[in-house]
Amino acid sequence: MPGTAARYLYLTRHGEASPDESELTDAGRRQAALLGERLRGVPLAAIHHGPLARAEQTARLVGERLDGVRVQLSEAAGDYIPYLPAREELPPETADAMLGFLDQFPAQEREDGPRLAAAAFEEFTGPVIGDEPRHELVVTHNFLVGWLVRAALDAPKWRWMGINHANAALTVIRYAPGRPPAILLFNDTGHLPAELRWTGFPQELHI
């Protein structure tokens, strides 16, 4: 029987997008390039990205700075609502605001989200078959990063909400055989100059 080895999952939110979200801004392209430089020397086996242009462009710009790393599309790395909580799951004092926030999103995105979130969990998490550790980057969106961090912490399913991720910041989760997942890094923007940090966050969360 083959053994298993650790998976190191690198997660990033796409670079800053234009107001219509059809492409990266100049700042978003700089963020992606700097993230690629940050990852030079990491033995990445693949870069996965969601289907939307802002994720694809970020992945391509990162990949241009990494020799020979394949860049590939994954529907599971897309932008969607990973889990719709029932009111009784939520803190009573914030339930109305949280459910109102979710109601803003298209019905199709809310309906497809749990299936895609399950696919992402299957595709990207857990130890890998074989003797060699695997390092992979997923270029995705705020909600999926929150969902996978929540799962790694074994937090309640609704808790993906409120776990926010800056554009082109870096989170790393290790899935080692026989151990619970470990968050090695979360929302790290150390590779970005001050003017490129915290984009994608509401102003009150800038620190």
Side-chain angles (χ1 to χ4, degrees), residues 10-39 47-66 71-85 94 96-117 120 124 137-150 158-171 186-207:
Y10 297 69
L11 295 166
T12 192
R13 184 182 180 185
H14 59 81
E16 183 185 62
S18 61
D20 66 0
E21 300 186 327
S22 64
E23 62 180 354
L24 297 181
T25 63
D26 288 343
R29 286 187 283 273
R30 287 180 61 204
Q31 289 169 331
L34 289 166
L35 177 59
E37 293 295 332
R38 167 76 179 271
L39 293 171
I47 300 171
H48 309 273
H49 64 82
L52 297 180
R54 56 194 186 273
E56 185 278 330
Q57 291 173 13
T58 301
R60 176 171 46 79
L61 287 166
V62 170
E64 286 175 359
R65 283 147 183 87
L66 304 174
V71 178
Q72 56 193 40
L73 172 66
S74 170
E75 183 187 17
D79 193 14
Y80 50 81
I81 304 297
Y83 177 76
L84 285 170
T94 59
D96 285 343
M98 296 174 84
L99 293 172
F101 171 77
L102 294 174
D103 284 343
Q104 301 176 70
F105 293 89
Q108 195 66 48
E109 186 174 327
R110 288 183 280 127
E111 291 169 8
D112 290 346
R115 172 185 61 82
L116 291 167
F124 300 132
L137 172 66
V138 178
V139 180
T140 184
H141 303 265
N142 192 43
F143 293 168
L144 182 58
V145 176
W147 177 251
L148 294 175
V149 168
R150 175 222 65 82
W158 67 267
R159 201 59 185 86
W160 68 268
M161 300 180 71
I163 300 177
N164 294 302
H165 209 266
N167 295 126
L170 189 63
T171 287
F186 175 71
N187 199 41
D188 182 24
T189 58
H191 50 287
L192 302 176
E195 68 272 15
L196 295 181
R197 297 177 186 173
W198 304 112
T199 66
F201 270 54
Q203 186 63 41
E204 65 268 19
L205 297 184
H206 290 206
I207 51 176

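Everything numeric here is computed off the predicted structure, so don't read it as measured data.
Judged purely by atom type and a 3.5 angstrom limit, T189 has no side-chain atom pairing as donor or acceptor with the backbone of L192. Put simply, the side chain of Y10 never gets that close to the backbone of T171: no donor and acceptor are under 3.5 Å apart. The main-chain N or O of L24 is found under 3.5 Å from a side-chain atom of R29 such that the two form a donor-acceptor pair. Remark: the backbone N or O of Y83 is paired with a side-chain donor or acceptor of W160 at under 3.5 angstrom. The backbone N or O of N164 sits nowhere less than 3.5 Å from a side-chain atom of N142 that would complete a donor-acceptor pair. Judged by distance alone, with hydrogens and angles left aside, the side-chain atoms of W158 form no donor-acceptor pair with the main-chain N or O of L84 at under 3.5 Å. Under a 3.5 Å cut-off, the side chain of Q104 and the backbone N or O of F101 do form a donor-acceptor pair.
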Inset, instruction - Begin with the C-alpha distance, continue with both residues' side-chain angles, and end with the deciding distance and a verdict on side chain to side chain contact (heavy atoms under 4.5 Å, CB included) for D188 and R38. - result: CA-CA 11 Å; D188 182 24; R38 167 76 179 271; 2.6 Å; yes
Inset, instruction - Let me see the working for T12 and T140 under side chain to side chain contact (heavy atoms under 4.5 Å, CB included), right down to the final yes or no. - result: CA-CA 6 Å; T12 192; T140 184; over 6 Å; no
Inset, instruction - Applying side-chain hydrogen bond (donor to acceptor under 3.5 Å, both in side chains), run through E16 and T199 and close with a yes or a no. - result: CA-CA 7 Å; E16 183 185 62; T199 66; 4.6 Å; no
Legend entry - Pair L73-E56, side chain to side chain contact (heavy atoms under 4.5 Å, CB included): steps then yes or no: CA-CA 8 Å; L73 172 66; E56 185 278 330; over 6 Å; no
Legend entry - Full working for side chain to side chain contact (heavy atoms under 4.5 Å, CB included) between F201 and N187: CA-CA 12 Å; F201 270 54; N187 199 41; 3.7 Å; yes
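Taking each heavy atom of L196 and A27 in turn, the nearest pair found is CD2-CB, 3.7 Å. Closest of all the heavy-atom pairs between H48 and F124 is CG-CE2, 3.7 Å. Of all non-hydrogen atoms in E23 and Q57, the two that sit nearest each other are CA-OE1, 3.5 Å. Heavy atoms only, all atoms of each residue included: S74 and P51 are closest at O-CD, 3.9 Å. For the pair A17 and R54, the tightest heavy-atom approach, listed with the atom from each and the gap, is CB-CD, 3.7 Å. Taking both residues in full, the closest heavy atoms of Q31 and A168 are given as CB-CB, 3.5 Å, listed atom of the first, atom of the second, then distance.
Ring-centre distance between F105 and F143: below the 6.0 Å cut-off.
Just one residue in the list V138, L66, T58 forms a side-chain contact (heavy atoms from CB on, under 4.5 Å) with I47, and that residue is L66.
The shortest distance between side-chain heavy atoms of L137 and V62 falls below 4.5 Å. Within the 4.5 Å cutoff, no side-chain heavy atoms of R65 are placed close to those of L35. Counting heavy atoms from C-beta on, the side chains of H165 and F186 come closer than 4.5 Å. Between I81 and P114 the shortest side-chain heavy-atom distance does not fall below 4.5 Å. At least one side-chain heavy atom of R150 sits under 4.5 Å from a side-chain heavy atom of I163. Using a 4.5 Å heavy-atom cutoff, the side chains of R115 and E75 are in contact.
Considering CZ of R30 and CG of L61, their distance stands at 13.0 Å, rounded to 0.5 Å. Between atom CG of residue L144 and atom CG of residue L116 there is a gap of 9.5 Å, rounded to the nearest 0.5 Å. The NE2 atom of H14 sits 6.5 Å away from the CD atom of E21 when rounded to the nearest 0.5 Å.
The environment of E37 atom CD is dense: over 12 non-hydrogen atoms of other residues, nucleotides or ligands sit within 6.0 angstrom.
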